[in-house]
Amino acid sequence: MEHGLHGGDIYGSEIIHDFSVNVNPLGLPEGVGQALRESVGGWWRYPDPQCRGLVRKLAAYHHVAQERLVCGNGAADLLYRFAQMRKPRQALTPVPTFSEYERAVRAAGGETRYYGLREGQGYRLDVDRLIGSLEGAEVLFLCNPNNPTGLALPKGQVEKLAKACGQKGVFLVLDECFCDFLQDPEEFSFLGNIGKYPGVMVLRAFTKTYAMAGLRLGYAVCGDPGLAQRLQQAGQPWSVSLPAQEAGVAALDEKGYLARTRELVERERGRLGEGLKRLGFKVFPSQVNFLLFQDNKGAYGDLWARCREGKILIRDCCNFPGLGPPGRATGHKAGEGGPWKASGYYRICVRKEEENQYLLRWLAQL
């Protein structure tokens with residue numbers, strides 16, 4: 001088992017505690033599980049290729065027009081569809097960030113230029129500086145909250161960026177897949193402004209928020225309804241399975257689940273971060289359900305491999321551009337083959353107290 005391109009590869013191993021993927025620590029909501037069990041008898045049917053029931057539910061939930069919505073096999077499915085349609089020659093993305101933006105652009109024949117976030121500023125985004133870097137880009141990908149840093153840009157700053165992108169002819173793709181883990185999501189989400197910006201698309205997913213990674217369900221909300229229609233036509237007809245659609249509808253009916261999630265994440269993130277600091281790690285600030293930290297003294301060696309000895313999987317950030325071993329400016333470029341080398345930077349998901357304490361105890365005895 002190599003360090004890999006993404007987290008979550010527990011197959012063929014004896015991993016018990018998976019901290020490498022940022023899914024909801026509460027697990028699949030009971031109402032979603034019940035809906036899935038009740039839907040089994042209908043799985044002989046083809047799924048609705050337009051996800052009509054789910055789209056209606058999402059439109060009401062987010063207070064957006066149905067024609068702006070399109071569902072896919074996870075947010076990544078829609079990201080790749082967009083890249084194949086748009087075929088940007090040059091994209092711009094702040095780094096470190098999610099690697100699939102660059103991979104999608106490369107698959108469509110384009111290149112990605114990096115805008116480097118500064119470690120000395122805690123990897124916080126300077127909007128004015130980013131606006132000054134837009135020249136030459138056709139598409140800007142912005143993960144908000146960002147993965148792996150866990151920091152979010154307030155929607156007023158996002159709107160300032162969206163206006164600048166519109167003036168410069170740069171299409172803005174906003175990835176809000178972790179937005180619901182924020183304490184005040186409405187202060188950060190751009191969905192309320194989407195109708196005013198035809199050059200903006202927001203990506204969301206049930207994957208992390210409702211612990212539905214295995215079901216693969218995401219959606220895009222487009223400022224231009226025509227883009228939503230083209231994205232729908234760009235995918236294969238049955239990209240969203242019937243159980244995924246049923247699960248999505250049920251998830252939007254959950255009451256109290258997200259509030260409980262935020263309460264747990266806020267409490268446990270603080271405890272986990274403090275525990276890591278006591279062990280000598282440099283922990284970067286986060287607003288969501290994961291933490292980026294660094295073995296800045298190199299005391300732990302290949303921490304990813306050492307954690308596996310305790311049946312723990314963490315995310316080595318070796319393939320995030322902008323992160324790498326101490327003293328190195330960048331790690332592996334996204335999409336490069338392994339074998340990976342320990343980077344010194346790691347990301348872990350905030351899980352329930354018992355699991356978090358298990359991780360800290362294991363690290364303490366290394």
Side-chain angles (χ1 to χ4, degrees), residues 6-10 13-34 122 145-152 177-185 188 205-215 251 254-296 299-300 303-317 345-366:
H6 294 296
D9 186 5
I10 61 173
S13 66
E14 297 180 353
I15 296 299
I16 296 176
H17 302 281
D18 187 1
F19 286 85
S20 71
V21 290
N22 306 321
V23 299
N24 193 316
L26 291 181
L28 188 74
E30 177 55 37
V32 175
Q34 183 62 31
N146 189 33
N147 172 18
T149 65
L151 297 179
C177 285
F178 293 103
C179 195
D180 281 328
F181 290 103
L182 293 164
Q183 287 299 303
D184 299 298
F188 299 89
F206 290 82
T207 306
K208 311 298 194 305
T209 307
Y210 294 98
M212 288 166 47
L215 284 165
E254 284 293 317
K255 307 297 182 186
Y257 177 83
L258 293 181
R260 294 194 302 275
T261 296
R262 293 174 189 129
E263 181 182 353
L264 185 154
V265 166
E266 183 76 5
R267 180 181 67 248
E268 290 301 317
R269 184 180 65 230
R271 292 176 178 174
L272 190 54
E274 287 303 314
L276 290 170
K277 289 177 184 177
R278 287 194 296 270
L279 293 171
F281 294 104
K282 180 178 181 179
V283 181
F284 295 93
S286 171
Q287 296 167 266
V288 288
N289 64 321
F290 52 88
L291 287 168
L292 175 68
F293 66 100
Q294 182 190 16
D295 178 14
N296 57 334
Y300 287 86
L303 188 62
W304 179 90
R306 300 185 75 181
C307 281
R308 283 196 64 232
E309 295 171 6
K311 304 185 187 306
I312 299 168
L313 187 61
I314 64 174
R315 179 66 157 89
D316 189 336
C317 295
Y345 292 83
Y346 304 92
R347 189 200 68 201
I348 53 172
C349 177
V350 176
R351 302 204 57 78
K352 292 182 179 179
E353 181 180 4
E354 181 179 347
E355 289 180 276
N356 296 334
Q357 291 303 314
Y358 179 89
L359 174 63
L360 291 174
R361 287 195 300 270
W362 175 259
L363 294 175
Q365 58 85 43
L366 292 180

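Quick caveat: nothing in here was measured; it's all calculated off a predicted structure. Starting from 1, each residue takes its place in the sequence as its number. As a basis for the values below, the full set of heavy atoms in this structure was taken, side chains included, without hydrogen atoms, waters or symmetry mates.
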Novice: Can you check whether Gln294 reaches Cys317 side chain to side chain, under 4.5 Å on heavy atoms?
Specialist: no
Novice: Whether the side chain of Asn24 engages the backbone of Thr209 through a donor-acceptor N/O pair (distance < 3.5 Å, no angle test) should be reported.
Specialist: yes
Novice: Given Leu276 and Leu363, is the side chain to side chain contact (heavy atoms under 4.5 Å, CB included) satisfied, shown in steps?
Specialist: CA-CA 9 Å; Leu276 290 170; Leu363 294 175; 3.7 Å; yes
Novice: Would you please name every residue forming a side chain to side chain contact (heavy atoms under 4.5 Å, CB included) with Ala152, sequence neighbours left out?
Specialist: Asn144, Pro145, Leu182, Phe188, Gln287
Novice: Quick one: do Cys349 and Asn289 satisfy side chain to side chain contact (heavy atoms under 4.5 Å, CB included)? Show the steps, please.
Specialist: CA-CA 6 Å; Cys349 177; Asn289 64 321; 4.2 Å; yes
Novice: Closer than 3.5 angstrom, by distance alone: can the side chain of Tyr346 be matched with the main-chain N or O of Leu303 as a donor-acceptor pair?
Specialist: yes
Novice: Got a donor-acceptor contact below 3.5 angstrom from the Arg351 side chain to the Phe19 backbone?
Specialist: no
Novice: Report the distance from atom CD of Glu254 to atom CG of Leu28, rounding to the nearest 0.5 Å.
Specialist: 8.5 Å
Novice: Looking at side-chain heavy atoms only, is the closest gap between Ser286 and Leu291 below 4.5 Å?
Specialist: yes
Novice: Please evaluate residues Glu309 and Trp362 with respect to the criterion side chain to side chain contact (heavy atoms under 4.5 Å, CB included), reporting the C-alpha separation (whole Å), side-chain torsions for both, the decisive distance (0.1 Å), and the verdict.
Specialist: CA-CA 10 Å; Glu309 295 171 6; Trp362 175 259; 3.9 Å; yes
Novice: Check Cys177 against Lys208 and note the closest heavy-atom contact, atom names and distance.
Specialist: O-CB, 4.5 Å
Novice: Against Leu272, only a single residue in Val265, Val283, Asn356 fulfils side chain to side chain contact (heavy atoms under 4.5 Å, CB included); can you say which?
Specialist: Asn356
Novice: Hey, could you give me the OH/CD distance between Tyr358 and Glu354, rounded to the nearest 0.5 Å?
Specialist: 10.5 Å
Novice: Walk me through whether Asn22 and Phe181 qualify under side chain to side chain contact (heavy atoms under 4.5 Å, CB included).
Specialist: CA-CA 10 Å; Asn22 306 321; Phe181 290 103; over 6 Å; no
Novice: Please report the closest heavy-atom contact between Lys255 and Arg260, naming both atoms and the distance.
Specialist: O-NH1, 3.8 Å
Novice: Under the 3.5 angstrom rule, does the side chain of Asn146 hit a backbone N or O of Gly150 as a donor-acceptor pair?
Specialist: no
Novice: For the residue pair Phe284 and Tyr345, categorise the inter-ring angle as parallel (less than 30°), tilted (30 to 60°) or perpendicular (more than 60°).
Specialist: parallel
Novice: Between Arg306 and Leu366 (side chain of the first, backbone of the second, donor and acceptor by atom type, cut-off under 3.5 Å), is there such a pair?
Specialist: no
Novice: Below 4.5 Å, heavy atoms only, C-beta onward: do Glu268 and Lys352 meet side chain to side chain?
Specialist: no
Novice: Measuring from Leu359:CG to Ile314:CD1, what's the distance to the nearest 0.5 Å?
Specialist: 7.5 Å
Novice: Are any side-chain N or O atoms of Arg315 and backbone N or O atoms of Leu292, one a donor and one an acceptor, separated by less than 3.5 Å?
Specialist: no
Novice: At their closest point, which heavy atom of Leu151 faces which heavy atom of Pro285, and how far apart are they?
Specialist: CD2-O, 3.3 Å
Novice: Measure the acute angle between the ring planes of Phe178 and Phe290, then classify it against the limits of 30° and 60° as parallel, tilted or perpendicular.
Specialist: perpendicular
Novice: Check whether Arg269 reaches the backbone of Val288 with its side chain - one donor and one acceptor, N or O, closer than 3.5 Å.
Specialist: yes
Novice: Quick one: OG on Ser20 to CD1 on Ile312, what's the gap to the nearest 0.5 Å?
Specialist: 11.5 Å
Novice: Counting N and O atoms only, with roles assigned by atom type, does the side chain of Glu355 sit under 3.5 Å from a partner on the main chain of His17, one being a donor and the other an acceptor?
Specialist: no
Novice: Who passes side chain to side chain contact (heavy atoms under 4.5 Å, CB included) against Arg267, sequence neighbours left out?
Specialist: Glu263, Leu264, Arg271
Novice: Which pair of heavy atoms, one from Asn147 and one from Arg347, lies closest together, and at what distance?
Specialist: OD1-NH1, 2.8 Å
